[in-house]
S.K.: 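Take this structure, written in structure tokens, and hold onto it; I'll ask about it next.
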Number of protein chains: 2
Amino acid sequence: MSETIEQKCLSKGVKLTDQRRIIAKVISESKKAYGESDHPDVDELYNRVSKIDPKISIATVYRTVKLFEEAGILTKHDFKSGKARYEINDDHNHLIDIKTGDIIEFVDEDIEELQKKIASKYGYKLVDHKLELYGIKIDKKNE
Amino acid sequence: MSETIEQKCLSKGVKLTDQRRIIAKVISESKKAYGESDHPDVDELYNRVSKIDPKISIATVYRTVKLFEEAGILTKHDFKSGKARYEINDDHNHLIDIKTGDIIEFVDEDIEELQKKIASKYGYKLVDHKLELYGIKIDKKNE
DNA sequence: TTATTTGCAAACGGTTTGCCGATTA
DNA sequence: TAATCGGCAAACCGTTTGCAAATAA
């Protein structure tokens, strides 16, 4: 994560406001502060933002994440929950524990390669992809 | 597609009604009648069902596809449209044309293998997976 | 100053549900 | 017959939007 969200906004011409800075900060810190697999949905984002500035409305949070997504700064995920989750644009995939909801991030070069190959086989240039694995923990002794 | 949806209902103890039979029929035929890449959303399903029996309500369509999904007969997809699509449970992936919305189905053994390997690498047994590729057609001469 | 953004509350759209009469096994 | 289902309309819930006041550049 070389560049902050704020820096990306500047370079992409996205105007910064106090609200947007706070939302950007919360998203950036959601990894460090809550661990690797923290994927807050919009509502949870709003809760965290509210603790910093309770006057920010949820409409602003929605507008901001959408804006950041359109600017290519964030990526939207849906998983199997009905609620949207946003995270910093970074090419990784997700392994989701169907029992606990835990989310593990992973990258795999071989899969990336295969995906490109498949797309081109059908005459397409790959521009985006989504890979979600759902699994249950293999128990070692107890669980 | 060896077994019909009706047969699957019987073997899974799902009670059959006229409405469910019609909905099952429409889903089964959505491939043959409309071509390989026909993935009707619930609303479109309802439209087609209505032509056979206009008295069937959309609530019944929703209840039925959900029931079939829970019985493991259908699989739900969301793609990037906000509307749910259901299709017969069959392990394939999707390549979506981001310009036209065309959907191409594909299966790839190598990818399946890799996915299992990755899951087990993290201590998980793979129980489900979702792979969506989004691409644009490579133009050959014109388009 | 001028365009853009925000907060509020109302609207939206896909999906679910409570009620009760109708239908299935 | 006993249990389940289906139709209707209202509720639900995540998300979007119109408006007027506030703010960024």
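Model, not experiment: these values are computed from the prediction. The sequence lines fix the lettering, A, B, ..., with proteins before strands; numbering per chain opens at 1.
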S.K.: Send over the distance from B:Asn47 CG to C:dG14 P, rounded to a whole Å.
M.R.: 12 Å
S.K.: Has A:Thr17 got a side-chain N or O lying under 4.0 Å from the OP1 or OP2 atom of C:dT6?
M.R.: yes
S.K.: Is the count of non-hydrogen atoms from other residues, nucleotides or ligands lying under 6.0 Å from B:Lys117 atom NZ greater than 12?
M.R.: no
S.K.: Respond yes when some side-chain nitrogen or oxygen of B:Ser57 is under 4.0 Å from OP1 or OP2 of D:dG7, and no when none is.
M.R.: yes
S.K.: A side-chain contact here means heavy atoms from C-beta on lying under 4.5 Å apart; do A:Leu133 and A:Asn93 qualify?
M.R.: no
S.K.: Calculate the interatomic distance between B:Ile22 atom CD1 and D:dC5 atom P; express it in whole Å.
M.R.: 17 Å
S.K.: Check the angle between the aromatic planes of A:His94 and A:His92 and answer parallel, tilted or perpendicular using the 30° and 60° thresholds.
M.R.: perpendicular
S.K.: Counting side-chain heavy atoms from C-beta on, which of D:dC5, C:dT5, C:dT24 comes nearest to B:Arg20?
M.R.: D:dC5
S.K.: Here's a test of your reading of the structure: between B:Asp18 and A:Leu67, which maps to the more 5' nucleotide of DNA chain C?
M.R.: A:Leu67
S.K.: For residues A:Leu126 and B:Tyr134, determine if any side-chain heavy atom of one lies less than 4.5 Å from a side-chain heavy atom of the other.
M.R.: no
S.K.: Respond yes when some side-chain nitrogen or oxygen of B:Gln19 is under 4.0 Å from OP1 or OP2 of C:dT24, and no when none is.
M.R.: no
S.K.: Identify which nucleotide among D:dG7, D:dA24, C:dA25 has an atom closest to any side-chain atom of B:Ile56, counting heavy atoms from C-beta outward.
M.R.: D:dG7
S.K.: Within this structure, what is the CD-to-P distance between B:Glu70 and D:dC5, rounded to whole angstrom?
M.R.: 11 Å
S.K.: Between A:Lys55 (NZ) and C:dG7 (P), how many Å, whole number?
M.R.: 9 Å
S.K.: Determine whether A:Lys116 and A:Glu112 satisfy the following criterion, salt bridge (Lys or Arg N to Asp or Glu O under 4.0 Å), listing intermediate values before the conclusion.
M.R.: CA-CA 6 Å; A:Lys116 277 184 208 155; A:Glu112 305 292 315; over 6 Å; no
S.K.: Starting at atom CG of A:Leu16, determine the distance to atom P of D:dA24, rounded to an integer number of angstrom.
M.R.: 11 Å
S.K.: What's touching nucleotides 13-17 of chain D from the protein side, N or O pairs under 3.5 Å?
M.R.:
{"from": "D:dT15", "atom 1": "OP1", "to": "A:Ala84", "atom 2": "N", "distance (Å)": "3.1"}
{"from": "D:dT15", "atom 1": "OP2", "to": "A:Tyr62", "atom 2": "OH", "distance (Å)": "2.4"}
{"from": "D:dT15", "atom 1": "O5'", "to": "A:Tyr62", "atom 2": "OH", "distance (Å)": "3.3"}
{"from": "D:dT16", "atom 1": "OP1", "to": "A:Lys66", "atom 2": "NZ", "distance (Å)": "3.2"}

S.K.: Do B:Asp18 and B:Asp53 have side chains that approach each other closer than 4.5 Å (heavy atoms only, starting at C-beta)?
M.R.: no
S.K.: Would you say A:His129 and B:Glu132 are linked by a side-chain donor-acceptor pair, where the criterion is simply a distance under 3.5 Å?
M.R.: no
